[in-house]
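Here is the naming used below: chain letters follow the sequence lines, and residue numbers restart at 1 for every chain. Fair warning: this is a prediction, and the values are worked out from it, not measured in the lab.
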Amino acid sequence: MKIGYPCINWSMDCRGNKTFRLKSYSEERLIDTVENNLDCLEEMLRYNIEHDMLFFRITSDLVPFASHKINEFDWQSYFEERFGEIGKLINKNDIRISMHPDQFIVLNSTKDDVVERSIAELDYHADVLDLLGLDSTHKIQLHVGGVYGDKRKSKDRFVRRYEQLDEKIKKRLVIENDDKSYTLKDCLDINEMCGIPILFDTFHHQVNNSGEEISEALGMVSKTWDKKDGLPMIDYSSQEPDEKDGKHAESVDEEDFREFINSSKPYDFDMMLEIKDKEKSALKAVKILKKDSRFFKN
DNA sequence: TCACGTCAAGCAGAT
DNA sequence: ATCTGCTTGACGTGA
C-alpha cells in the first residue's frame, strides 16, 4: 500500500499549480510558469520520498492552457528533457502517479464541442504521463459525467466514447464513483460493458451507494484492475464534523481511518487522502500504517 | 501591501 | 433565475 495526497504540499513554500489568466497568455509566461511548476513538482516528490509517501496526484494546472486553442507552443518538445529527469526520479523511487482532470471534462456530454474539448484535455493529461516515461499503472481518473435525465443512455454514451479513444488515453483512464450521480454499481455496469477499471472513492460511496459494505465494495473494484493497471487506487476522505453532508474533512479523522483500514482487509491498494490539509494528514496516515506491517513493506 | 472582482471549461442540486 | 460545490483558491488590478 502506498499513501499519497493530491497536488499541493502546504508545508513547502513552492506551488506546482501556478497558472495565469487567459488574457495574460504569452509564450514567455507559459514557459516561466511550467518551469516553476516542474521545479516544484520535483521538490514535492523529493519531500514525499523522504516521508514515505509514494503516491502522488499531479495537478491538471501543471501546463496552463495546455489544451486550449490559444496555445500553439510545442511544450512537449520544449520540456521533454525536464519531464524525463523527473520521470526517472519517479520510476527510480517506485512512486505511483495519478491525475484527475477537473469538472469540465465530460466524455459523455450531449454536446459535441464539450466532448471534443474533453478529449483534447485527456490527451494533454496522457502527454504528461507519457513524457514522464510512466507505464500504464499510472492513471487518469475521471467521473462518468452527466446524467441528462437518462442514466442508462448516458452510461451507453460513455462506453461508446471510451471505446473510440486513442489507446494512449484508454490505457490510463479509470472511472471514479461520484457523490451524486454515478454510484459504484453504475461504474460496475460500465466496467462490464467496456472493461474500464474503477477507482473507488470511499467518501463518495458513503454519500451515494447501493448498500455495499466497504470490504464488499473493495472486492468488486479490485477485480476491475488488471495486472497492467497495477494495484487498485482508492480515494479516501471522511466527513467534516458540523458541516453539511459530503464536505471533505479538514484533517484526517484518525479513528475513522483506522476503522476503514480494518474493514478493508484483506485487500491491498494505493490510497490517496483527499483531505484539505494535504500532506499533514497523509503523514498521519503513514504513521498509523507503519504500525501495521501488513501494509507497509518499504 | 491589501482588498476584492473575477477567472477556459459542465453539471446537478439547492436556494 | 442564480448560486454553490467539485480534487485545489489565487490572479491581477487599483488604491
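dG12(C) and dA8(B) are spaced 10 Å apart, taking the P atom of each and rounding to whole Å. Here, dA10(C) and dG10(B) have their P atoms 23 Å apart, quoted to the whole Å. For dG5(C) and dG9(C), the P atoms lie 12 Å apart once the distance is rounded to whole Å. Distance check on atom C1': dC7(B) versus dC6(C) gives 16 Å, rounded to whole Å. Across dT6(B) and dT4(C), the matching C1' atoms stand 16 Å from one another, rounded to whole Å.
Residue Thr19(A) is in sugar-phosphate contact alone, with no base atom involved, counting any heavy-atom pair closer than 4.0 Å across all strands shown. Within 4.0 Å (heavy atoms only), Arg21(A) reaches at least one base atom of the nucleic acid.
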Nucleotide N/O to protein N/O under 3.5 Å, stretch nucleotides 12-15 of chain B:
| unit_1 | atom_1 | unit_2 | atom_2 | d |
| --- | --- | --- | --- | --- |
| dA12(B) | OP1 | Val147(A) | N | 2.8 |
| dA12(B) | OP1 | Tyr148(A) | N | 3.0 |

Please write out the pairs of protein N or O atoms and N or O atoms of nucleotides 13-15 of chain C separated by less than 3.5 Å, giving the distance to one decimal.
none

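A salt bridge does not link Lys18(A) to Asp61(A): none of the charged side-chain nitrogens sits closer than 4.0 Å to a carboxylate oxygen. Using a cutoff of 4.0 Å between basic side-chain nitrogens and carboxylate oxygens, Arg82(A) and Glu85(A) are scored as salt-bridged. With salt bridges taken as basic N to acidic carboxylate O contacts below 4.0 Å, one links Lys228(A) and Asp226(A). Between Asp166(A) and Lys170(A), no side-chain nitrogen of the basic residue sits less than 4.0 Å from a carboxylate oxygen of the acidic one, so the salt-bridge criterion is not met. A salt bridge links Asp123(A) and Lys168(A); the closest N-O separation between the charged side-chain nitrogens and carboxylate oxygens is under 4.0 Å. Glu50(A) and Arg46(A) are not joined by a salt bridge, as no carboxylate oxygen comes within less than 4.0 angstrom of a charged side-chain nitrogen. Using a cut-off of 4.0 Å between Lys/Arg side-chain N and Asp/Glu carboxylate O, Asp94(A) and Lys2(A) are scored as salt-bridged.
dT8(C) atom C1' lies 13 Å from atom CG of Asn37(A), rounded to whole Å. In this entry the distance linking OH of Tyr25(A) with C1' of dC7(B) reads 17 Å, nearest Å. Taking atom CD1 on Ile8(A) and atom P on dT8(C), their separation rounds to 9 Å, with Å as the unit. Atom NZ in Lys111(A) sits roughly 9 Å away from atom C1' in dC11(B) (whole-Å rounding). In this structure, Leu22(A) atom CG and dG12(C) atom P are separated by 11 Å, rounded to whole Å. Look at CG on Asp102(A): it is 10 Å from C1' on dT8(C), rounded to the nearest Å. Between His100(A) atom NE2 and dC6(C) atom P the separation is 12 Å, expressed in whole Å. Taking atom CG of Leu122(A) as the reference point, atom P of dA8(B) lies 21 Å away to the nearest angstrom.
One finds a side-chain N or O of Lys276(A) lying less than 4.0 angstrom from the OP1 or OP2 phosphate oxygen of dT8(C). Remark: His143(A) is not in phosphate contact with dC11(B), judged by side-chain N or O atoms under 4.0 Å from OP1 or OP2. The side chain of Arg29(A) places an N or O atom within less than 4.0 Å of a non-bridging phosphate oxygen (OP1 or OP2) of dG12(C). A close approach under 4.0 Å does occur between a side-chain nitrogen or oxygen of His248(A) and OP1 or OP2 of dT7(C).
Ranking dG10(B), dG9(C), dA9(B) by closeness to the Gln103(A) side chain, first place goes to dG10(B). With dC11(C), dG10(B), dA8(B) as the candidates, the nucleotide lying closest to the side chain of Phe65(A) is dA8(B).
Residues Tyr5(A) and Phe55(A) place their aromatic rings such that the two centres sit no closer than 6.0 Å.
An aromatic stacking contact links Phe104(A) with the base of dA9(B), defined here by ring centres under 5.5 Å apart and ring planes under 30° from parallel.
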In dot-bracket, 5' to 3', how would DNA chain B read with Watson-Crick or G-U wobble pairs under 3.5 Å, [ ] for crossing ones and | for pairs to another strand?
-> |||||||..||||||
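Summarising the hydrophobic clusters (Ile, Leu, Val, Met, Phe, Trp, Tyr; side-chain heavy atoms under 4.5 Å, direct or chained), the residues clustered with Leu231(A) are none.
Rounding to the nearest 0.5 Å gives a distance of 7.5 Å between CE of Met233(A) and NE2 of His138(A).
Among residues two or more places apart in sequence or in another chain, the disulfide (SG to SG under 2.5 Å) test is passed with Cys40(A) by Cys14(A). In this structure Cys194(A) satisfies the disulfide (SG to SG under 2.5 Å) test with no other residue, sequence neighbours excluded.
Under the 6.0 Å distance and 45° angle rule, Lys151(A) counts as a cation-pi partner of Tyr182(A).
Toward the 5′ end of DNA chain C lies the nearest nucleotide of Ser60(A), the other residue of the pair Ser60(A) and Lys18(A) mapping further downstream.
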